[in-house]
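Per chain, numbering begins at 1; letters A, B, ... match sequence-line order.
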Amino acid sequence: MKLLLLLLSRLVAGTKNRGAKSTGFQKSEDALCFALEMHLRGVVFDAVTYTTVLAFCLDHEGFLFGLQLHSLIVKFGLDNEVFVGNALITMYSRWWHLGEARRVFDEMQNKDLVSWNAMLSGYTQEGNYGLEAIRAFIEMVRQGIRLDHVSFTSAISACGHEGNLGVGKQIHGLSLKMGYGNHVSVANVLMSTYSKCDVASDAKLVFDRMHDRNVISWTTMISLSEEDAVSLFCQMRLDGVYPNEVTFIGLLHAISIKKFVKEGRTIHGFCIKTNFVSELNVCNSLVTMYAKFESMQESKKVFEELNYKEIISWNALISGYAQNGLPQVAFHTFFLAIKESKPNQYTFGSVLSAIGAAEDISLKHGQRCHSHIIKYGLDTDPIVCAALLDMYAKRGSISESQRVFDETSERREIAWTAIISAYARHGDYESVMIWFKKMENEGIRPDSITFLSILTGCGRKGMVDMGRQLFDSMVKDYQIEASPEHYSCMVDMLGRAGRLEEAEELVSQIPGGPVLSVLQSLLGACRIHGNVEMGERVANVLLEMEPKESGSYVLMSNLYAEKGDWEKVAKIRKGMREKGVKKEVGFSWVDVDIDGLHGFSSGDQSHPKSKEIFRMAECLGSEMKYLREKKREGQINGNVILYRTEILENLNMGD
DNA sequence: CCGGAACGCC
């Protein structure tokens with residue numbers, strides 16, 4: 001109570017410049033209790049006091065307090081004060097009540113630039129209001145409201161969220177004209193916007209032209225240039241700019257993606273020296289980094305040294321185990337995590353991908369996970385739904401996948417992509433086509449992954465013209481850049497259909513030239529159709545690109561072998577020997593319940609039971625041949641397994 | 001006393 005009175009006297013004294021922090025409150029609860037106490041003692045607030053207290057309502061559970069403050073403000077007729085209105089707009093938009101924010105804004109009689117900017121930035125927050133933000137900015141221009149650097153920062157940021165490069169460029173132009181283009185926060189947001197709109201070169205240009213770069217400018221640049229992140233970090237230090245927590249998160253992320261192991265350890269050391277390891281978020285990034293370096297021991301070590309673990313830390317560890325082929329550990333960690341923290345969509349995304357990848361985790365566990373998802377109310381989350389659907393598809397339960405999809409209320413792109421990939425994974429291209437049609441009918445925009453599934457489907461179904469049309473439409477109408485996988489798929493499709501010239505032409509049109517796999521697809525197609533002339537042409541390019549790649553030699557030698565040109569076959573083999581190219585040995589892994597994992601390579605006789613294994617393989621081979629003949633003759637329709645049992649009995653090999 | 005810019009767990 002003593003403290004209360006002290007603070008009361010300080011506030012009532014009405015001294016200038018008492019910022020929110022200087023009132024001594026740490027939490028919005030305290031601030032509101034204090035404010036209510038003042039009110040009870042008959043102290044009438046002034047606008048400045050309300051504004052100060054409203055600022056506390058932006059964090060934690062402050063929204064309800066804010067609502068009460070709003071009614072007090074109205075009661076005392078202070079809602080016409082511009083500062084108070086501005087604070088209310090900010091509060092409502094932070095709590096996602098954009099409608100209420102707008103109502104306050106519309107009812108304000110005296111709006112100033114800050115009111116407009118507060119409304120603009122409310123719409124700019126990530127969400128579905130990007131268009132509103134752009135509209136509000138245009139309205140400002142139309143009404144001749146004065147614009148400043150904050151207006152430009154928000155408006156350009158909205159274009160970034162919307163991916164609207166056209167409007168972004170126009171606002172950039174306007175900012176230059178009005179002399180705000182070089183303002184540090186405008187330039188910073190321009191960089192991130194250009195990078196979001198896939199014009200990284202323009203982002204770099206903005207950065208290069210800046211004269212005053214602050215820590216945010218450097219952090220932005222580091223985060224969007226993975227390859228040069230480390231050298232940019234060094235330049236930043238030379239420039240005398242001190243990094244912060246966010247800088248390290250971006251830097252460590254780039255290092256993780258690029259697997260710069262040495263640099264990663266150095267930066268870890270730097271974080272220890274500068275005590276950035278006391279920042280939870282930096283440590284979370286370190287957990288992810290070591291996981292990406294495939295060193296789960298170190299990842300776990302960083303994790304265990306945390307004195308406080310939040311769900312992001314757990315997620316980083318779980319996905320690390322999942323990505324490093326330790327799904328059981330991932331699954332086990334998941335159960336520890338949900339004991340200590342409240343899981344979010346990423347937690348389930350990671351654990352579901354682990355279950356999907358693990359043949360030896362019972363599907364029951366997947367279902368158990370599913371029930372947790374429902375328990376935590378995450379069953380409508382698009383990320384979780386897609387992961388769940390994918391998990392069932394990977395574990396062979398396509399009907400469950402379909403059910404998850406049917407029950408997904410908010411069917412965003414990601415769910416459609418997942419169900420179409422699920423059918424593609426199962427080789428059910430009939431369904432791929434059906435669901436793609438449905439997706440189109442619903443007006444959902446297919447993405448790059450969806451196109452890959454559908455193009456593969458067209459290839460397998462021999463629907464070459466349709467595939468070609470879709471590919472062209474993807475690039476032209478949907479403006480999706482064709483990836484090497486898309487090109488491989490197209491070349492494979494055209495090649496299977498014998499349209500080799502068309503395939504070769506497509507390859508020649510690839511911007512920046514084809515990658516290895518695309519050319520190998522083309523060479524494979526040449527082999528199927530016995531086109532030696534084109535095959536040689538393709539092989540020459542391939543051997544120039546990667547002289548040590550054995551696959552190219554093998555494909556070419558197979559092509560000659562099929563034509564019976566044994567001389568050329570021998571020449572290629574000789575060439576391989578001379579260049580020291582070795583064919584990498586392919587391994588097959590067999591997991592036997594009782595005695596673990598066995599690896600086999602072609603011609604390998606090292607296994608103690610190899611004699612029996614080869615005998616069995618031979619039997620299975622002749623059995624397959626027999627079955628194929630029967631099937632061709634139409635003698636089998638349906639249950640091959642039953643039929644197989646019958647044959648085995650006849651062959652007297654019932655084991 | 002009010003408005004803006006960078007990042008991580010899918």
Rounded to whole Å, please give me the gap between [atom1] in [X] and [atom2] in [N].
X: A:Leu190; N: B:dA5; atom1: CG; atom2: C1'; answer: 10 Å
X: A:Phe233; N: B:dC7; atom1: CZ; atom2: C1'; answer: 14 Å
X: A:Leu69; N: B:dC2; atom1: CG; atom2: P; answer: 15 Å
X: A:Gln345; N: B:dC10; atom1: CD; atom2: P; answer: 11 Å
X: A:Met191; N: B:dA6; atom1: CE; atom2: P; answer: 10 Å
X: A:His183; N: B:dG3; atom1: NE2; atom2: P; answer: 16 Å
X: A:Trp218; N: B:dA6; atom1: CH2; atom2: P; answer: 18 Å
X: A:Phe303; N: B:dC9; atom1: CZ; atom2: P; answer: 16 Å

Taking the minimum atom-to-atom distance to the side chain of [X], which one of [options] wins?
X: A:Ile216; options: B:dG4, B:dA6, B:dC1; answer: B:dA6
X: A:Asn214; options: B:dC7, B:dC9, B:dA5; answer: B:dA5
X: A:Phe83; options: B:dG4, B:dC2, B:dC10; answer: B:dC2
X: A:Thr153; options: B:dC10, B:dC9, B:dA5; answer: B:dA5
X: A:Ser185; options: B:dA6, B:dA5, B:dC7; answer: B:dA5

message = Taking only side-chain N and O atoms of A:Gln323, does any of them lie within less than 4.0 angstrom of OP1 or OP2 on B:dC10?
response = yes

Residue-phosphate contact under 4.0 Å: A:Ser319 side-chain N/O, B:dC10 OP1/OP2 = yes

Pair A:Lys301 + A:Glu304: basic N to acidic O under 4.0 Å = no

key: Salt bridge flag under 4.0 Å for residues A:Glu227 and A:Lys258   = yes

Look at all strands and tell whether [X] reaches a base, only sugar-phosphate, or nothing, counting heavy atoms closer than 4.0 Å.
X: A:Glu279; value: nothing
X: A:Arg94; value: sugar-phosphate
X: A:Thr219; value: base

Only pairs under 3.5 Å count here: list side-chain donor-acceptor contacts from residues 170-182 of chain A, not counting sequence neighbours, and write none if there are none.
residue, atom, partner, partner atom, Å
A:His172, ND1, A:Tyr194, OH, 2.7
A:Ser175, OG, A:His172, O, 2.6

Pair up each side-chain donor or acceptor in residues 75-89 of chain A with any protein partner under 3.5 Å, not counting sequence neighbours, and list the distances.
residue, atom, partner, partner atom, Å
A:Asn86, OD1, A:Ser115, OG, 2.7
A:Asn86, ND2, A:Val82, O, 3.3
A:Asn86, ND2, A:Asp112, OD1, 3.3

task = Would you please say whether a donor-acceptor pair under 3.5 Å links the side chains of A:Thr219 and A:Thr247?
result = yes

message = Can you see whether A:Thr220 engages A:Ser192 through a side-chain donor-acceptor pair at a distance of less than 3.5 angstrom?
response = no

query = What residues in residues 102-114 of chain A put a non-hydrogen atom under 4.0 Å from any atom of DNA chain B?
reply = A:Leu113, A:Val114

key: Sub-4.5 Å side-chain heavy-atom contact between A:Arg445 and A:Trp416   = no

task = Over 60° means perpendicular and under 30° means parallel, so classify the ring planes of A:Tyr376 and A:His372, tilted if in between.
result = parallel

query = Could one point to a donor on the side chain of A:Asp148 or the base of B:dG4 with an acceptor on the other under 3.5 Å away?
reply = no

